[in-house]
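Heads up, the thing below is written out as structure tokens.
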4 protein chains.
Amino acid sequence: MQSRTPVTRASGRPRSAEAAAAILAATREALVELGWSKLTLGDVATRAGVAKTTLYRRWAGKNELVVDAVAELFDELVLPDRGTLAADIEGVVLQFATILARPEARSGLMAVVAEATRDEALRERIRESIVTRQKRLVLEGRARAQARGELPPETDPLEAARTVDLIFDVVAGAVVHRTLVSAEPADEDWARGFTRVLLLGLKGASQSD
Amino acid sequence: MQSRTPVTRASGRPRSAEAAAAILAATREALVELGWSKLTLGDVATRAGVAKTTLYRRWAGKNELVVDAVAELFDELVLPDRGTLAADIEGVVLQFATILARPEARSGLMAVVAEATRDEALRERIRESIVTRQKRLVLEGRARAQARGELPPETDPLEAARTVDLIFDVVAGAVVHRTLVSAEPADEDWARGFTRVLLLGLKGASQSD
Amino acid sequence: MQSRTPVTRASGRPRSAEAAAAILAATREALVELGWSKLTLGDVATRAGVAKTTLYRRWAGKNELVVDAVAELFDELVLPDRGTLAADIEGVVLQFATILARPEARSGLMAVVAEATRDEALRERIRESIVTRQKRLVLEGRARAQARGELPPETDPLEAARTVDLIFDVVAGAVVHRTLVSAEPADEDWARGFTRVLLLGLKGASQSD
Amino acid sequence: MQSRTPVTRASGRPRSAEAAAAILAATREALVELGWSKLTLGDVATRAGVAKTTLYRRWAGKNELVVDAVAELFDELVLPDRGTLAADIEGVVLQFATILARPEARSGLMAVVAEATRDEALRERIRESIVTRQKRLVLEGRARAQARGELPPETDPLEAARTVDLIFDVVAGAVVHRTLVSAEPADEDWARGFTRVLLLGLKGASQSD
DNA sequence: CAGTAAGCGAGACGGTACGTCCAGTCTTGTT
DNA sequence: AACAAGACTGGACGTACCGTCTCGCTTACTG
């Protein structure tokens with residue numbers, strides 16, 4: 001995720017590659033069973049079959065560890081090709097809702113966002129590992145719709161970027177709010193209704209520009 | 001917020017009314033300075049000039065206390081009468097963004113939502129104290145728009161309720177996601193763009209029903 | 001040992017008297033089983049059925065705790081009345097050797113002395129709790145010998161004090177060195193030989209003054 | 001101190017001779033600065049410019065290392081020829097007190113003795129490296145006094161050995177107790193008083209045998 | 001208006017987790 | 001094979017809070 005090929009040939013025993021994977025898996029497992037607030041790093045280390053020091057050597061604390069553990073979950077998201085833009089969006093919305101239905105994602109994501117309200121570095125880490133990385137879905141979706149002729153090619157690149165951000169916040173925000181704050185399921189019906197409003201809104205906005 | 005009218009006339013010394021207010025104020029103060037995770041109930045008690053036992057006699061723990069402390073913040077929200085539905089919505093969106101810019105709200109709200117992912121009772125408490133209570137804004141807004149003739153009177157009450165929920169999740173979710181996850185400001189420009197998409201979407205959806 | 005009657009009526013829950021006793025007993029028990037270096041305060045707390053915090057609330061660390069635990073052991077020493085000064089001294093020497101044969105005394109005393117080489121406060125605590133307290137034996141022995149007419153009443157008080165110190169260092173030092181450094185038993189034969197040399201030396205020195 | 005002459009000609013790279021010396025010197029340096037309990041083998045290795053593995057290849061642990069480091073200090077002791085037995089003894093006593101005034105000796109010696117109370121192998125190592133080695137001073141002193149005619153040649157070899165042990169324990173024990181437990185200086189005055197008592201006692205004891 | 005039941009401040013209590021430090025071992029590549 | 005470097009497991013450290021408890025004191029309703 002960060003260093004590809006170490007330029008300076010490190011001396012001493014190299015860090016175990018297995019350890020990092022085991023720790024992240026153990027973190028997700030513990031999030032499922034215990035949730036954020038009862039997750040302890042000592043317990044994660046034990047589950048991973050690793051000493052606490054090994055864990056602290058690689059992550060500064062609970063926040064950083066959980067961001068990394070949760071970020072991997074969202075990499076599962078793919079843009080399905082269902083033939084129409086509306087169907088594609090509905091598909092992503094449902095996938096997203098499915099991930100947010102998993103306890104490790106629910107608990108981990110919100111807690112980390114809460115912590116980030118007071119920690120600029122953590123905020124940046126979230127933006128980098130999660131937000132920016134997943135905006136790819138919006139970009140792909142638009143490109144595919146343009147290829148199909150459903151959307152015209154964008155003319156103003158700045159405006160286009162602003163629209164991508166807006167779509168991302170609206171989609172992700174609505175799903176998160178529905179499932180976590182309102183605590184109602186984001187099922188197919190809901191996804192269909194939401195997608196319709198979103199697409200009509202976007203279409204109307206682009207025409208009346 | 002908890003007991004309205006005590007049915008069983010309590011004997012013994014009654015609970016100090018000042019204490020509750022001082023504790024909630026101290027909680028918000030501590031949230032500002034320390035954030036959720038570093039806020040300790042011992043510290044809150046000290047700030048409020050109260051013993052820890054007094055605090056525990058009224059709230060079961062950190063979560064419950066913070067829900068109450070944060071819920072009060074959202075009672076500030078009012079629906080401004082700016083003449084058009086679009087302007088009214090923009091006004092509420094900006095007010096909401098302003099509250100979410102305050103550290104006690106950012107940190108407290110998200111943390112409590114995170115905890116609620118694993119605590120049904122807390123989830124219910126949030127729904128009751130925050131979500132349901134603030135849906136009044138959507139209802140008022142619709143009523144006012146209908147009075148102005150901007151919207152037709154609803155025909156299907158079930159569909160109408162579903163739309164209220166959708167609007168609430170989209171508005172609240174988008175603002176929260178924009179400010180807390182994407183960590184970008186929800187300023188006037190953004191509010192205008194967002195409102196336009198939302199209204200066009202809703203209008204289109206209601207016509208093509 | 002320290003506060004007789006609390007003048008200022010303490011507020012809050014009073015400290016448990018049983019806890020202190022249980023902790024000191026547990027400390028001696030752990031010293032027997034584990035020795036100084038493997039004794040951990042967490043283990044002592046567990047044995048005493050007490051939380052670690054309770055232990056730390058009363059003692060600053062391992063050193064202070066062990067000084068107190070060991071000091072009590074030496075309070076068992078009494079000056080037997082065996083009829084002659086020589087016999088009395090032999091008796092004390094053997095009692096002292098018996099105590100030093102107990103593992104909690106051996107291990108605890110020397111370790112604490114070792115730590116005290118770099119800690120003036122600890123040195124003072126040892127002097128107060130052990131050295132000064134046990135010099136009473138030398139004083140009593142002299143008084144009894146004077147009453148029997150075995151020793152003349154002292155004339156120069158400064159010289160007398162210096163002699164008490166010398167006797168104490170020679171007796172305690174020889175027994176400790178014999179048992180702990182040379183690692184040979186301080187049995188009756190040895191005690192008899194040692195006492196004879198000591199008494200003859202003291203008698204000779206006082207005559208040739 | 002450990003391997004005299006390697007019988008089996010070792011293959012591979014031979015052990016660095018400088019390393020051992022550097023480690024022992026670093027150990028004494030660390031004892032001075034940190035004392036026994038805060039001395040860490042990692043720090044010693046760093047000071048000696050050596051890897052931890054090198055250190056562990058030669059010593060089993062902290063105890064063994066410190067015994068060796070401290071034992072060398074006592075090899076400085078020599079029996080001065082001041083003309084009379086009394087003066088010779090006073091000289092050794094003062095030399096011994098001087099060494100014990102050095103922090104590396106105080107702290108290291110007592111700590112190692114404390115550890116030895118629960119470790120027979122370490123006890124044996126101390127007896128071998130320090131006790132037996134330094135008894136030479138008592139033997140030399142007696143021989144010299146006999147040559148001068150101050151003492152008669154011994155007749156009973158068993159009794160003579162017992163006396164050597166007694167003298168050693170009394171001298172070493174008194175000095176150690178005086179300086180480390182009572183925490184008073186063993187200066188010239190004290191040495192003179194102590195020596196007088198010791199010699200008179202020994203003389204009296206040998207006459208009345 | 002005396003009695004009494006509950007509330008109150010203070011702070012000790014049994015626990016649990018923290019994040020750090022060190023012991024002693026192991027795994028690299030280098031000498 | 002010894003070496004420097006440094007990651008590894010394991011375990012104790014001393015601290016910080018949690019939520020409970022036990023004090024002595026205060027307050028307002030009740031009989």
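Proteins come first, then strands; the chains are lettered A, B, ... in the order of their sequence lines, and each starts at number 1. Keep in mind that this is a model prediction, so the values were computed, not measured.
For B/E124, the CD atom sits in a packed shell: over 12 heavy atoms of surrounding residues, nucleotides or ligands are nearer than 6.0 Å.
For the pair C/L39 CG and F/dG11 C1', the computed distance is 15 Å after rounding to whole Å. Rounded to an integer number of Å, the gap from B/W59 CH2 to E/dG7 C1' is 15 Å. Distance C/K38 NZ to E/dG24 C1': 13 Å, rounded to the nearest Å. Separating the CG atom of B/L34 from the C1' atom of F/dA16 is a distance of 14 Å, rounded to the nearest angstrom. Taking atom CG on A/L55 and atom P on F/dA7, their separation rounds to 15 Å, with Å as the unit. In this structure, the CG atom of A/D43 is 15 Å from the P atom of F/dG10, given to the nearest Å. For D/Y56 and E/dT27, the OH to C1' distance is 17 Å, given to the nearest whole Å. What separates CD of B/E115 from P of F/dC18 is a distance of 13 Å, to the nearest Å.
In terms of phosphate contacts, B/R15 brings a side-chain nitrogen or oxygen within less than 4.0 Å of OP1 or OP2 of E/dG7. At E/dG9, none of the side-chain N or O atoms of B/R57 fall inside 4.0 Å of OP1 or OP2 (strictly under the cut-off).
Within the nucleic acid shown, A/G61 has no heavy atom closer than 4.0 Å to any nucleic acid atom. B/K62 comes within 4.0 angstrom of no nucleic acid atom, judged by non-hydrogen atoms across all strands. The residue D/T53 sits close to a base: some heavy atom pair falls under 4.0 Å. Residue contacts for A/T54: at a heavy-atom cut-off of 4.0 Å it reaches a base atom on one of the strands shown.
Of the candidate nucleotides E/dG9, E/dG14, E/dG24, E/dG9 has the atom nearest to the side chain of B/A51.
Not a single donor-acceptor pair, N or O on each side, falls under 3.5 Å between the base of E/dC13 and the side chain of C/R13. The base of E/dG11 does not come close enough to the side chain of B/K52 for any donor and acceptor atom to sit less than 3.5 Å apart.
With C/E33 as reference, C/R47 is the one residue of C/R28, C/K38, C/R47 to meet the side chain to side chain donor-acceptor pair (under 3.5 Å) rule.
With the nearest nucleotide of DNA chain F identified for both C/T40 and D/V50, D/V50 has the one nearer the 5' end. Nucleotides of DNA chain E nearest to C/R58 and A/P14 differ in position, and the one nearer the 5' end is that of C/R58.
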